[in-house]
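Worksheet: the structure to be examined is printed underneath.
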Amino acid sequence: MARINTAAGPIDADQLGTVLSHEHVFVLNEDYRINFLTDWDEAARVDEAVATLTELKAAGVDTLMDVSVAGLGRNVERVAKVAERVELNIVVATGLFTFHDLPFQFHYTGPGLGYDDLPDPLDAAFIRDLTEGVGDTGIKAGFLFCAIEAEGLSSGVERVMRSVGRAAVQTGAPVVVHTNPHTQSGLIAQRVLAEEGVDLTRVQIAHSGDTTDLDYLMRLADAGSILGMDRFGLDVLLPYSDRLRTVRELVERGYADRMVLSQDSSSFSDWFDVAKRQEYVPDWDYFQITKRVIPDLLSEGVDQRAIDIMTRDVPRRFLSSGAAQAGVETEVGAADPAAIRSISMKNS
């Protein structure tokens with residue numbers, strides 16, 4: 001049985017249960033917090049996160065994949081304070097979030113500066129997070145994360161992505177990539193990661209649910225990658241009805257074994273004014289999948305087994321992939337893909 005690293009320590013893969021595959025606990029840049037967020041109350045915010053994730057556990061979710069990394073204000077110690085008080089598993093990530101440039105700490109080190117024969121320090125940082133732990137916490141990341149947005153493959157984005165790819169190959173850890181489907185940047189991510197030797201079945205193309213372009217989505221999935229249908233509630237980017245219909249149509253076409261469901265929500269984010277967020281995206285929370293998406297899919301004829309595949313089997317297979325590559329015996333719990341596709345819909 002594969003062991004999965006979480007913020008509260010390693011667990012067996014069969015303890016993952018129902019998984020939200022793309023969420024945040026906190027998005028909080030420490031420079032911003034210290035200098036500008038003068039009303040920050042650490043204890044109160046941790047208590048709020050504990051209360052919300054306790055409610056999420058009661059709603060039927062067992063595990064949350066926290067994609068917050070450097071660049072998004074990752075603070076594993078803060079997440080651990082929450083994890084030790086809830087029964088819900090939190091799997092943390094390593095990587096670096098940027099749409100264009102690298103932080104200045106990496107501007108003057110690494111490739112492209114006349115030191116191309118030296119290893120990129122990003123590689124060592126990511127690998128250490130996965131194999132030894134983040135900082136001095138001893139908490140090991142369970143997957144890698146990078147991003148490519150509408151800005152495209154800038155030198156900084158490419159450097160991070162290739163470093164993530166090398167770390168994935170060396171450790172066996174799976175990769176989540178933030179993408180923009182309207183620029184089809186998922187295809188670029190697949191190309192770059194494959195060039196670094198990454199098995200594309202271990203890559204999750206996040207924010208695939210922001211488009212209804214089935215041809216693009218099937219092209220990503222046919223290459224082996226997992227489609228992150230992970231922004232339910234963000235109707236300003238795509239209405240809920242379109243998101244739901246896209247998932248249903250992909251299930252009908254046999255892609256349940258290459259999709260995961262989530263919301264990309266957070267307990268707290270310094271990106272948004274709380275009142276404005278509630279005004280413009282009132283449904284953007286942790287509970288869209290359990291309270292809306294799953295009931296609506298069932299009412300439209302999607303089989304419960306297909307839902308279990310997207311929320312349980314695929315995330316379990318994804319997070320267990322590192323142990324599988326390392327030669328650890330695993331039982332990832334996913335049925336044969338052909339069999340999965342044959343039971344996708346009750347009424348198809």
Side-chain angles (χ1 to χ4, degrees), residues 22 24 26-36 66-79 92-137 140-171 173-180 183-198 203-207 228 264 266 269-271:
H22 193 112
H24 304 267
F26 298 101
V27 177
L28 179 61
N29 182 279
E30 288 300 294
D31 274 356
Y32 178 81
R33 181 187 69 82
I34 292 168
N35 291 286
F36 302 113
D66 184 352
V67 300
S68 298
V69 293
L72 285 169
R74 180 184 67 171
N75 185 323
V76 170
E77 290 183 348
R78 182 178 290 126
V79 173
V92 304
T94 186
L96 196 150
F97 187 87
T98 181
F99 289 167
H100 198 274
D101 293 327
L102 286 172
F104 280 103
Q105 291 84 355
F106 296 101
H107 270 222
Y108 306 107
T109 59
L113 299 169
Y115 305 108
D116 291 347
D117 58 331
L118 297 178
D120 193 322
L122 288 171
D123 295 23
F126 299 158
I127 290 169
R128 185 183 187 279
D129 281 357
L130 291 161
T131 60
E132 299 179 34
V134 177
D136 60 1
T137 66
K140 297 177 183 178
F143 61 101
L144 289 143
F145 181 87
C146 58
I148 177 169
E149 248 295 340
E151 291 84 345
L153 195 66
S154 68
S155 59
V157 167
E158 182 172 7
R159 184 174 159 193
V160 172
M161 190 173 292
R162 291 193 182 278
S163 183
V164 161
R166 290 190 295 270
V169 170
Q170 182 162 331
T171 64
V175 178
V176 175
V177 188
H178 168 114
T179 66
N180 185 324
T183 59
Q184 299 195 341
S185 64
L187 297 172
I188 300 172
Q190 284 184 324
R191 173 182 62 78
V192 173
L193 291 170
E195 287 173 355
E196 294 298 331
V198 177
V203 175
Q204 185 182 136
I205 306 296
H207 310 326
D264 193 18
S266 60
S269 174
D270 63 13
W271 284 25

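Scope of the values below: all heavy atoms of this structure, side chains included, with no hydrogens, waters or symmetry mates.
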Could you measure the distance from the [atom1] atom of [X] to the [atom2] atom of [Y]? Nearest 0.5 Å is fine.
X: Leu102; Y: Glu158; atom1: CG; atom2: CD; result: 11.0 Å
X: Cys146; Y: Phe97; atom1: SG; atom2: CZ; result: 10.5 Å
X: Thr137; Y: Glu132; atom1: OG1; atom2: CD; result: 11.5 Å
X: Leu144; Y: Leu130; atom1: CG; atom2: CG; result: 5.0 Å
X: Leu96; Y: Arg74; atom1: CG; atom2: CZ; result: 9.5 Å
X: Asn29; Y: Asp31; atom1: CG; atom2: CG; result: 5.0 Å

Any non-hydrogen side-chain atom of Phe145 less than 4.5 Å from a side-chain atom of Val175? no

Non-hydrogen atoms of [X] and [Y] that approach each other most closely:
X: Pro174; Y: Gly142; result: CD-O, 3.7 Å
X: Ala93; Y: Ala141; result: C-CB, 3.7 Å
X: Arg159; Y: Phe106; result: NH1-O, 2.9 Å
X: Ala189; Y: Val177; result: CB-CG1, 3.9 Å
X: Ala206; Y: Val176; result: CB-CG1, 4.1 Å

Heavy atoms of other groups near Glu195 CD, more than 12 under 6.0 Å: yes

In terms of side-chain geometry, is the basic nitrogen of Asp129 or Lys140 positioned less than 4.0 Å from the acidic oxygen of its partner? no

Polar contact flag, side-chain donor to acceptor under 3.5 angstrom, Ser154-His100: no

Using side chain to side chain donor-acceptor pair (under 3.5 Å) as the criterion, list what pairs up with [X], not counting sequence neighbours.
X: Ser163; result: Asp123
X: Arg128; result: none
X: Glu196; result: Arg162

Can you tell me if Ser68 uses its side chain to pair, donor with acceptor, with the backbone of Phe26 under 3.5 Å? yes

Stepwise ring pair (Phe, Tyr, Trp, His ring centres under 6.0 Å) check, His22 with His178: CA-CA 10 Å; His22 193 112; His178 168 114; 7.4 Å; no

Side chain to side chain contact (heavy atoms under 4.5 Å, CB included) with Asn180: of Glu151, Glu149, His207, only one passes, and it is Glu149

